[in-house]
Chemist: 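Structure incoming, see below.
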There are 4 protein chains.
Amino acid sequence: TKFAYVRNFELPDPLLPDTYLVCRLDGHSFHRFSDEHGFAKPNDERALQLMDHAAKSVMIEFKDIMLAFGESDEFSFLFRKSTNLYNRRQSKILTTLTSYFTSCYVLYWSQYFPDTPLRYPPSFDGRIVVYPTERAIRDYFAWRQADTHINNLYNTTFWALIQKGGQTATEAHTTLKGTVSATKHEMLFSRFGINYNEISQRFKKGSVIVREIVAPESSDKGEKLEPPFDPFHQQCSKAKKNKLETTVEVLHCDIIGEEFWLPRRHLLEN
Amino acid sequence: TKFAYVRNFELPDPLLPDTYLVCRLDGHSFHRFSDEHGFAKPNDERALQLMDHAAKSVMIEFKDIMLAFGESDEFSFLFRKSTNLYNRRQSKILTTLTSYFTSCYVLYWSQYFPDTPLRYPPSFDGRIVVYPTERAIRDYFAWRQADTHINNLYNTTFWALIQKGGQTATEAHTTLKGTVSATKHEMLFSRFGINYNEISQRFKKGSVIVREIVAPESSDKGEKLEPPFDPFHQQCSKAKKNKLETTVEVLHCDIIGEEFWLPRRHLLEN
Amino acid sequence: TKFAYVRNFELPDPLLPDTYLVCRLDGHSFHRFSDEHGFAKPNDERALQLMDHAAKSVMIEFKDIMLAFGESDEFSFLFRKSTNLYNRRQSKILTTLTSYFTSCYVLYWSQYFPDTPLRYPPSFDGRIVVYPTERAIRDYFAWRQADTHINNLYNTTFWALIQKGGQTATEAHTTLKGTVSATKHEMLFSRFGINYNEISQRFKKGSVIVREIVAPESSDKGEKLEPPFDPFHQQCSKAKKNKLETTVEVLHCDIIGEEFWLPRRHLLEN
Amino acid sequence: TKFAYVRNFELPDPLLPDTYLVCRLDGHSFHRFSDEHGFAKPNDERALQLMDHAAKSVMIEFKDIMLAFGESDEFSFLFRKSTNLYNRRQSKILTTLTSYFTSCYVLYWSQYFPDTPLRYPPSFDGRIVVYPTERAIRDYFAWRQADTHINNLYNTTFWALIQKGGQTATEAHTTLKGTVSATKHEMLFSRFGINYNEISQRFKKGSVIVREIVAPESSDKGEKLEPPFDPFHQQCSKAKKNKLETTVEVLHCDIIGEEFWLPRRHLLEN
Ligand SMILES: Nc1nc2c(ncn2[C@H]2C[C@H](O)[C@@H](COP(=O)(O)OP(=O)(O)OP(=O)(O)O)O2)c(=O)[nH]1
Ligand SMILES: Nc1nc2c(ncn2[C@H]2C[C@H](O)[C@@H](COP(=O)(O)OP(=O)(O)OP(=O)(O)O)O2)c(=O)[nH]1
Ligand SMILES: Nc1nc2c(ncn2[C@H]2C[C@H](O)[C@@H](COP(=O)(O)OP(=O)(O)OP(=O)(O)O)O2)c(=O)[nH]1
Ligand SMILES: Nc1nc2c(ncn2[C@H]2C[C@H](O)[C@@H](COP(=O)(O)OP(=O)(O)OP(=O)(O)O)O2)c(=O)[nH]1
Ligand SMILES: O=P(O)(O)OP(=O)(O)OP(=O)(O)O
Ligand SMILES: O=P(O)(O)OP(=O)(O)OP(=O)(O)O
Ligand SMILES: O=P(O)(O)OP(=O)(O)OP(=O)(O)O
Ligand SMILES: O=P(O)(O)OP(=O)(O)OP(=O)(O)O
Ligand SMILES: [Mg+2]
Ligand SMILES: [Mg+2]
Ligand SMILES: [Mg+2]
Ligand SMILES: [Mg+2]
Ligand SMILES: [Mg+2]
Ligand SMILES: [Mg+2]
Ligand SMILES: [Mg+2]
Ligand SMILES: [Mg+2]
Ligand SMILES: [Mg+2]
Ligand SMILES: [Mg+2]
Ligand SMILES: [Mg+2]
Ligand SMILES: [Mg+2]
């Protein structure tokens, strides 16, 4: 039709080739959402498992995601450098991922909250950040996990002071103001008999969802990984037969140190 | 933490001020989705009503959306030029809207498909297009509605040929190849006794969801519209008291001609 | 060659269609440059004429520029909304214009400064700003011309205090701190016998370079203006015969009020 | 003034941190320019020296450029990854560099073409390309130098066929169509006694301008190199004292192989 010229206003939005893409989702106003749906404080196991379920589903759907990290109401997804998903069109990648995650969250809600119907539609914001180096990716995930640790120690102590110590929120904030880690550990243990080290790994470390490569012989199920994109030999049609089988595992381990990364070169290399 | 520098890689993405923003969502692989969930052909009334429900919810949530138009698996939303939602950050606006729509679609699914559980999570892609002029916005919506008309006439005849005429899909395509509108109308009427004019307006015109301004005296319920953004007097704190009440109506009318737009200057003006 | 894949990193940078483009150039470190080349203070007629010469040359070279405004070490150029120069590629438009202006500035330098050889290469920064509305364009040029007026009145008084009043720079700044326009006019007149109204229009109003349309009968010389871009009839091959002749005039008039714009609808319309 | 709101339309344009920036300039319509100014064919020594002079001046002015490569009417400049020039604002970097180069070209023109006044202002387009990896940078420069070689061999033979072989341009193109390198070498030698290997390195390899680090003891003149940007210790005020002295050298050597790069790790590392 004569109106079709309006498509000329749709401008291209390609992301820089050969860079890591991180997509981070975060629950919209989950302060209120967690309240209205009676989330346990400071950590609701069911809510976190639902997040993990949605994130795992995303990784099964989007094969170029190698790693994800979740905590609280957020999840970060790492696409391999060589991904050519939707020709690296920013809005397409960002919206299909955000939408799929949201859809899973709502669809699987009742599996985790069988007695709590959704009172209104939960939603998530999303953003894509482009990272050029392995160093930056390592530091990105370290940033998120360090944040998990800091928040969890604070929140655990804060809610102990309230729930077990009988303080008000204001009093608890005052009690904690300026305290270092060791003081909070000590406070938890001496006042409330809580050994922080015994707290669930999920709460302390967040959720690490990792794409693992399956040894070839056992390769009759699981996801397939595209062979690396090679700028010199861009056509990889036949190479596709060489796709590696992969599975997706949920862990609650440290990702700041070397141990996690050393045996998993495939996460960062092509 | 020492890792926080990774935030420096998050670059700003503001949209040009004082322009219309159109956000268009489209169902991801709804060819398959409609199939797997037994959508009626060519139009499934329930599916379309569910889309409308989700879109209406979006408009109630995002007050700066003045108009929306839906057909098939897609919906377009028009933000007023003066919107300052999320400081016009592109990814924020785009993802929160896409996520909220998706969430509604899944949450309200069972109201429209009580006997058809979701077999997998439906999702939507989204994009924002910036339009500088009223003319372009009028043409944008005309483009979508003309598309609705063309597709619906084709699909109605196509499925009549199959469902009532006993043709295969290939035969039906061949029958229709190169035919003009009048021929299809004629074919529907003479062969199948279908008067195209009597077909549901929803199918022929799509869904038009419009924010209407409520007369001030009756202003005790409904949404509020922010006063216009004025570049010369940017602070509008007190002006906020003057917010107009609005409601959101679903119509199935023509939006190509003047009749729709003339009495609704508020949709395009500030 | 096998290296050509590096071109994939060159991303598209189209500017939004059907919007006004303003390109503003500004002399790089002209505080130092004017000093080292002995510019008269506060205004050097030769320097300003050289700027005008370069800007006029730019307008003769780039036919889609309708208007330019210059003051001090800067010039702003307005492209018509419908320009399709370099398919509206941002970097191409921006750099070719900036480069051409610079080239003219250096090439014509000696015509205006016959006794002052260039001591080092002068340069300019440039930026393109996209404006969606006529109102914004009017205000853009009003912004620059109001700036010219304010700066010129200040500088004229400042240098009178120094050159004729024997003050130091610090003293002159102190004398002027907090004074309104009327006070400066008065100071100029009573202390130094300068009637500000009699100062050169060039200094007070800046330079306005405007593309004027030549009446058809006299059309045997001058520049040609492309017929308007029409989204509905995009091919304008034959229309090209209808190109209008144009000339480029340098004025030093008010562009804030209506008088300038009313008889020159062609500057803002297609 | 009340007009200053128009600055809100100036959107930020930061380039991704910690990536290599390549700025490539190319003469605007130098086919015509070389003709009108009587450039020798296929290579004009003076024109190439003038380009080198301008490029070298650019490198002296912009300390974060580590390497440049020039051929024909183009020059590419490599900024180190850690550059924070103009806070990595794209238009600022791009235009100041393009403008400065142009200015040098015009200003130094008469040193190389003393008997050929400029008939009109030469200009250059410019673009910035962001590269995330060392590999891509190596390949970028290999791409340009391979292009130099291919073009020069073709042009040398082409002009020999015309100037010495008496062919027309069309005949020469036909003669060369489909020929490989060896054939052109052979043709040059057997028909015209030209040993391609003896042709000037400048023509065969282009111009390589490299920032070299001066040994500390001899550090009393030359340019200074900022210490590397370290994301973990962003403030480098005191570190500035440690600036390394650098000089800028023009070479005509191979940059495709390892020899060039191995002893010059500083070009690609921080
Ligand atoms: N009780 C409880 N609350 C949680 C849990 N996980 C997340 N939340 C709540 C606590 C925080 O208020 C909120 C997450 O913080 P955010 O910074 O994302 O803020 P919020 O989502 O409210 O606003 P936003 O739209 O993201 O700016 O979600 C949980 O397991 N239990
Ligand atoms: N049977 C039936 N199908 C519908 C209805 N509405 C939409 N669909 C189907 C028909 C089309 O195959 C599809 C919409 O076309 P699209 O161009 O959006 O393609 P699709 O969503 O398959 O792929 P995409 O991911 O958007 O590229 O959805 C309906 O009411 N009934
Ligand atoms: N004496 C004299 N100086 C002038 C004249 N026109 C411009 N200038 C000088 C005065 C200002 O210091 C300077 C223009 O101010 P800018 O804000 O553009 O600063 P400048 O160019 O120094 O730095 P920049 O690189 O633009 O940030 O140029 C003139 O006619 N006479
Ligand atoms: N005779 C001669 N011509 C040269 C020399 N260096 C460059 N040129 C000319 C030959 C080519 O026609 C032209 C460079 O080719 P380009 O692809 O850059 O095309 P041109 O600059 O004409 O157009 P453009 O504005 O870059 O698209 O400059 C030289 O040393 N001698
Ligand atoms: O934690 P973030 O990144 O979501 O930070 P924020 O303060 O919520 O800011 P934003 O508006 O970017 O979501
Ligand atoms: O109808 P659209 O705009 O979705 O067009 P498309 O052919 O699906 O293309 P896209 O990849 O932009 O969704
Ligand atoms: O007057 P401008 O726009 O040049 O403003 P500035 O303060 O010089 O800032 P910029 O770094 O954008 O040139
Ligand atoms: O050689 P380039 O990169 O200049 O290629 P081009 O064909 O001249 O294209 P462009 O319009 O990008 O200068
Ligand atoms: Mg946030
Ligand atoms: Mg949140
Ligand atoms: Mg959060
Ligand atoms: Mg689509
Ligand atoms: Mg679809
Ligand atoms: Mg569709
Ligand atoms: Mg400036
Ligand atoms: Mg300046
Ligand atoms: Mg200035
Ligand atoms: Mg080019
Ligand atoms: Mg060229
Ligand atoms: Mg060239």
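Reminder, nothing fancy here: chain letters follow the sequence lines and each chain counts from 1. What you see is a predicted model, and the numbers here were worked out from it, not measured in a lab.
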Chemist: So which heavy atom on A:Pro121 is nearest to which on B:Tyr108, and how close?
Modeler: CG-OH, 3.7 Å

Chemist: Could you look at B:Ile150 and say if it's the side chain, the backbone, both or neither that has a heavy atom under 4.5 Å from chain A?
Modeler: side chain

Chemist: Looking at A:Pro117, A:Pro122, A:Ala146, A:Ser57, which has the largest count of heavy-atom pairs under 4.5 Å with chain B?
Modeler: A:Pro122

Chemist: Between CG of B:Leu107 and CG of A:Leu107, what distance do you get to the nearest 0.5 Å?
Modeler: 11.0 Å

Chemist: Do any N or O atoms from the side chain of B:Thr95 and from the backbone of A:Gly126 form a donor-acceptor pair under 3.5 angstrom?
Modeler: yes

Chemist: How many angstroms lie between CZ in B:Arg127 and CG in A:Leu11, if you round to the nearest 0.5 Å?
Modeler: 12.0 Å

Chemist: So do A:Val106 and B:Trp109 actually touch side chain to side chain, heavy atoms under 4.5 Å?
Modeler: no

Chemist: What part of A:Arg138 gets within 4.5 angstrom of chain B, counting heavy atoms only: side chain, backbone, both, or neither?
Modeler: neither

Chemist: Pick one of side chain, backbone, both or neither for A:Leu97, based on which atoms fall under 4.5 Å of a heavy atom in chain B.
Modeler: neither

Chemist: Measuring heavy-atom distances to chain B, does A:Ile256 have an atom under 4.5 Å in its side chain, in its backbone, in both, or in neither?
Modeler: side chain

Chemist: For a quick test of reading the model, state the closest non-hydrogen atom pair linking B:Phe9 to A:Pro132 and the distance between them.
Modeler: CE2-CD, 3.4 Å

Chemist: For B:Leu25, which atoms come within 4.5 Å of any heavy atom of chain A: side chain, backbone, both, or neither?
Modeler: neither

Chemist: Report, as yes or no, whether the 6.0 Å neighbourhood of atom CD on A:Glu10 holds more than 12 heavy atoms from other residues, nucleotides or ligands.
Modeler: yes

Chemist: Any heavy-atom pair between the side chains of B:Asp147 and A:Phe3 that's under 4.5 Å?
Modeler: no

Chemist: If every non-hydrogen atom of A:Ala136 is compared with every non-hydrogen atom of B:Tyr5, which pair is closest and at what distance?
Modeler: CA-OH, 3.9 Å

Chemist: State, to 0.1 Å, how close B:Ser91 and A:Leu94 come at their nearest heavy-atom pair, and which atoms those are.
Modeler: OG-CD2, 3.6 Å

Chemist: Taking the six-membered ring for Trp, are B:Tyr86 and A:His28 parallel (under 30°), tilted (30 to 60°) or perpendicular (over 60°)?
Modeler: perpendicular

Chemist: Of the backbone (N, CA, C, O) and the side chain (C-beta and beyond), which part of A:Arg144 lies under 4.5 Å from a heavy atom of chain B, both, or neither?
Modeler: neither

Chemist: Using a 4.5 Å cut-off on heavy atoms from C-beta on, say whether the side chain of B:Ser103 contacts that of A:Tyr105.
Modeler: no

Chemist: Hey, are the side chains of B:Arg7 and A:Trp143 touching, using non-hydrogen atoms and a 4.5 Å cut-off?
Modeler: yes

Chemist: Checking A:Thr1 against chain B: side chain, backbone, both or neither under 4.5 Å from a heavy atom?
Modeler: side chain

Chemist: Among A:Tyr140, A:Tyr100, A:Tyr120, single out the residue with the greatest number of heavy-atom pairs under 4.5 Å to chain B.
Modeler: A:Tyr100

Chemist: Does any part of the side chain of A:Thr98, heavy atoms only, come nearer than 4.5 Å to the side chain of B:Thr98, both counted from C-beta?
Modeler: no

